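Shown next, in structure tokens, is the structure this report addresses.
Keep in mind the model is a prediction, meaning the values are calculated, not measured. What you see below is based on every heavy atom in this structure, not just the backbone, and it leaves out hydrogens, waters and symmetry mates. Proteins get letters first, then strands, A, B, ... in listed order; numbering begins at 1 in each.
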Amino acid sequence: MSEVTRMSRRQFMKTSALAGGGLLLACHLPFGILDAAATGEAGFAPNAFLRIGPDESVTVIVNKSEMGQGVYTSLPMLLAEELCCDWKRVTFQASPVAPEYNHTQFGPIMVTGGSTSVRSEWERLSLAGAAAREMLVAAAAQEWNVDPGSCRAKNGNVFGPGGKQLSFGKLAAKAAKMRLPKNPQLKSGAKILLGKPLHRLDSPTKINGTAVFGIDVTAPGMLTAVITRPPVFGGKVKSFDAVKALAVPGVKQVVAVDAGVAVVADGFWPAQKGRELLEIVWDEGEGATVSTPAMREEYARLSATPGMVARKDGDAAAVLSQAKQRFEVEYEVPYLAHATMEPLNCFVDLKQESCQVRTGSQFQTVDRNAAARVVGLKPEQVILETTFLGGGFGRRACTGSDFVIEASQVAKAVRQPVKVIRSREDDMRAGYYRPMWYDRIAACLDDKGMPLAWHHRIVGQSIIAGTPFESGMVKGGIDDTSVEGAANTPYAIPNLQVELHSPRNPVPVLWWRSVGHSHTAFVMESFLDELAHAAGKDPYQYRRKLLAKHPRTLKVLETAAKKAGWGKPLPAGHGMGIAVHESFGSFIAQVAQVSLDAKGNIKVHRVVCAVDCGRIVNPDTIKAQMESGITFGLSAALYGAITLKNGRVEQGNFDTYPLVRMQSMPPVEVHIIASSEPPGGVGEPGVPPIAPAVANALFAATGARLRSLPMTADKIKSALNKG
Amino acid sequence: MIIFQVNGKERRVDVSPDTPLLWVLRENLGLSGSKFGCGEGLCGACTVHIDGIPERSCVTPVGDVQGKKVVTIEGIPENHPVKKAWLVQEVSQCGYCQPGQIMSAVALLKKKPKPNDADIDSAMSGNLCRCGTYGRIRRAIHAAGGNAAVKGGDKS
């Protein structure tokens, strides 16, 4: 059931029909333009997302990549709710790459990102299920020669007058001959599946080792390659000597590719051993001059100069120039690696007229087209299969398709099925990071202590500039992902100015779970906390006042505070911090309770999270995603930093880039706000509030205000000494 | 020739003895449930049992397991209490680290059938999870150990 589809859509249709197990016919929304029903021997596949077999199987074809967020369950739930099938019969299948599966909002590409899977597919999958249900009902009505209005579908059967009953499987062949409804009607009344904490359909395969991730892909005659990359970004191979590497038993070939030098072997280990013996002369170029401390100085300098204006309300500069008391601070956050547990990898099998790519991609159309360009085939000649992803976090939606391009180049050179695997060090050092950011803010308060002016400059690389998405996503010089969460702050500040500098440098940057919000929430929510304390006010009450016109933000804030017991006495040395942030259509507040351990490190004792993500599909998935976002954000808040010295990334593995472990993970409580609002995302929005919640709690516990991530013992000590 | 037992069956492999056990399992024996995460014994995704002890197969040369008994995730029965608890608690997210987590948990429960939180911290501290399933792993281990305080998933 979990097997990824290994066929192109064309093959898929043909095979399905031949197998008599159902026929898949693609359709485009709106449903009104559908002109022909699918017909099959015995099965029924009214649209690109559903196949019903004569054996009662219900297969939902999922066009989103499964990387932990549960789309192989939540998306089938949306369709099954309207289909009225038996949930126990539902299985999932990864969709091939085809226009039918393109994102409904992001243009003509198949992509999983922006916490949009449920939001963007809710309507389409509901309608797909409703249309199929109506056809099954019509088939039964015709069979019984009764009015379809006298029949109804329930739990995988159609029921008619006088106790008549036929199962979906038995109706499938006939249903396939029914007219596709132009205007399928959604059910009314109580939901059967939606809102229930159903178990994930993919869990059984994930606990017995049978789930196929990209790294598990294999094929007869497959070779395995590793690539030695330049030590600095933008470096090139000048020359190399592969004699010693080729002498390692199992090493087959050594080939130069754009990314570096690939050692191709009959397994990972010989490839690794071979690469250690490579002798490469690099042309390091400009990349060798890049160092993060120097970059930070440059960013600090830029932050003192006017940038592009992303938001202007009132006149912050003028008000600040008259202010009796100004609060002026700098905040900074480092580069961060995605560090998916499964290192990047990609399988490519290039034939004369076709090419098969099997990998954990979030960016299928872009990656497939990139592979096609490399191997010199048309995109439709390249079949990209999406495996399970051992974590994504944006890394597998790479604007540069780096891991697919390098594997395609190796495949082109060796002309044999080949899988390129990155070692952890390759994965961590080859780039694509969350950008490093430097913020400078000046603010002043009114006579009641509330913010009167807020002048904010943000400095950091654009993740979009220089990519094919620049023309669509950078407006008037402003990359919205650089200022999201700051330029659109909900806080009522009469004089607000947000400016942006987007310096360029050779370090590759990319969206990283929660994108710009991962940085702006820390800055906004920490500095707001500072202002509350400066005004002598309770930071929770201070926020409430500023959010009076934002009921959903206010509600999660109040819920988190209440559930956490805000204001109640805490053990000695403990402090509580609160933060609230809207992102990806959802509203999240978190309260963290912290203290310092004997070594001066932050110990997080508890996190309480309130989430309003609108109408919900699966509450347990939402809880899991909040827990997940908090863990991911906590690793960044406490430990995460990628630094460069002489162009070289100083971290390489989990000893130098630590993540939260079992013993450092606090209990997390999640409270979901009941809501009938449109659905919001859940994959990313749990991340942004945790760093400021912890930073604010640290201040409450110790008086140390950290304006720089990660919050290490050294920084805390130095902040305490400054006192 | 290196001869050892995997999941109860004798296996013979003709590879360089310095090859990490992980890659022999994955590439020579077709057991890809044990995962590669770090290659340094830092993340635990490759955890298997060697003569009953949880070990990191990515840093264990296959030459060292000559004559020994190796158990991988594929050798844990489907009805094992740990696997069942993992499903009830709905632990998995991306799932990549879970085979290693389960192998560590199975070994812990064998040694200590009713572990407390400190036991869990200590036994599981070598297994990273980037998705953040630690809380659920803890509950699943308690549940598998028959801790009466944990019943079913923490569902809303």
Side-chain angles (χ1 to χ4, degrees), chain A residues 66-70 197 199-200 202-213 215-216 218 224 249-250 267-270 272 339-343 388-393 421 423-425 619-620 623-624 627-632 635 653-655 659-663 665 667-668 670 672, chain B residues 15-16 18-20 22-24 26-28 30-40 42-43 45 72-74 76 78 82-83 86-88 90-99 102 118 120-138 153-156:
Chain A
E66 165 51 36
M67 46 196 177
Q69 82 284 42
H199 279 286
R200 293 174 63 129
D202 57 356
S203 287
T205 67
K206 287 180 173 176
I207 62 157
N208 65 14
T210 59
V212 176
F213 295 86
I215 202 167
D216 302 325
T218 187
T224 301
F268 179 80
W269 190 246
Q272 276 284 80
T340 56
M341 285 310 300
E342 179 195 13
F388 278 108
L389 285 63
F393 317 125
I421 298 177
S423 69
R424 175 57 57 193
E425 289 79 6
D620 192 52
K623 282 184 153 188
E627 293 160 8
S628 180
I630 288 164
T631 315
F632 196 84
S635 285
N653 212 316
F654 297 120
D655 48 353
L659 304 177
V660 165
R661 291 179 182 268
M662 177 64 84
Q663 68 275 21
M665 184 64 205
V668 173
V670 179
I672 302 172
Chain B
V15 298
S16 168
D18 68 344
T19 310
L22 173 67
W23 296 102
V24 174
R26 291 179 54 81
E27 295 179 345
N28 299 75
L31 297 170
S32 57
S34 307
K35 301 302 186 198
F36 171 63
C38 68
E40 300 279 348
L42 298 168
C43 80
T72 69
I73 186 70
E74 291 88 350
I76 304 297
E78 289 292 314
V82 169
K83 277 191 177 174
W86 243 249
L87 289 179
V88 171
E90 201 61 275
V91 171
S92 301
Q93 289 190 28
C94 90
Y96 193 77
C97 74
Q98 297 303 341
I102 289 171
I120 293 174
D121 282 347
S122 146
M124 304 303 293
S125 66
N127 288 83
L128 285 176
C129 171
R130 187 66 159 143
C131 295
T133 65
Y134 296 119
R136 289 170 187 244
I137 290 172
R138 187 185 296 282
D154 179 18
K155 306 285 175 62
S156 49

If I measure from the heavy atoms of chain B, does [X] come under 4.5 Å with its side chain, its backbone, both, or neither?
{"X": "Leu389(A)", "value": "backbone"}
{"X": "Met341(A)", "value": "both"}
{"X": "Val660(A)", "value": "both"}
{"X": "Glu425(A)", "value": "side chain"}
{"X": "Ile421(A)", "value": "side chain"}
{"X": "Ser635(A)", "value": "side chain"}

In terms of heavy-atom proximity below 4.5 Å to chain A, should [X] be classed as side chain, backbone, both, or neither?
{"X": "Asn28(B)", "value": "neither"}
{"X": "Leu128(B)", "value": "both"}
{"X": "Thr133(B)", "value": "neither"}
{"X": "Lys83(B)", "value": "both"}
{"X": "Ile120(B)", "value": "both"}

Do side-chain atoms of His199(A) reach the backbone of Glu90(B) as a donor and acceptor pair under 3.5 angstrom?
no
Mind checking whether [X] and [Y] have side chains closer than 4.5 Å, heavy atoms only?
{"X": "Ile207(A)", "Y": "Ser92(B)", "result": "yes"}
{"X": "Val15(B)", "Y": "Trp23(B)", "result": "no"}
{"X": "Trp269(A)", "Y": "Pro20(B)", "result": "yes"}
{"X": "Ile102(B)", "Y": "Ile73(B)", "result": "yes"}
{"X": "Glu66(A)", "Y": "Gln93(B)", "result": "no"}

Thinking salt bridges, do Arg200(A) and Asp620(A) make one under a 4.0 Å N-O criterion?
no
Salt bridge flag under 4.0 Å for residues Asp216(A) and Arg26(B)
yes
Results of side-chain contact (heavy atoms from CB on, under 4.5 Å) for Ala339(A) - residues two or more places apart only:
Arg424(A), Met428(A), Phe654(A), Tyr657(A), Arg130(B)
Among [options], which has the most heavy-atom pairs under 4.5 Å with chain A?
{"options": "Ala118(B), Cys131(B), Gly135(B)", "result": "Cys131(B)"}
{"options": "Gly126(B), Ser125(B), Cys97(B)", "result": "Ser125(B)"}
{"options": "Cys94(B), Cys43(B), Gly132(B), Gly30(B)", "result": "Cys94(B)"}
{"options": "Cys38(B), Ser34(B), Gly33(B)", "result": "Cys38(B)"}

Could you tell me whether Phe36(B) and Phe268(A) have their ring centroids closer than 6.0 angstrom?
yes
I need the residue from [options] with the largest number of non-hydrogen atom pairs under 4.5 Å to chain B.
{"options": "Gln663(A), Arg661(A), Lys206(A)", "result": "Arg661(A)"}
{"options": "Thr340(A), Asn653(A), Thr631(A)", "result": "Asn653(A)"}
{"options": "Ser628(A), Gly390(A), Gly392(A), Gly250(A)", "result": "Ser628(A)"}

Tell me, please, which residues at least two apart from Tyr134(B) pass ring-ring contact (aromatic ring centres under 6.0 Å, His included).
none
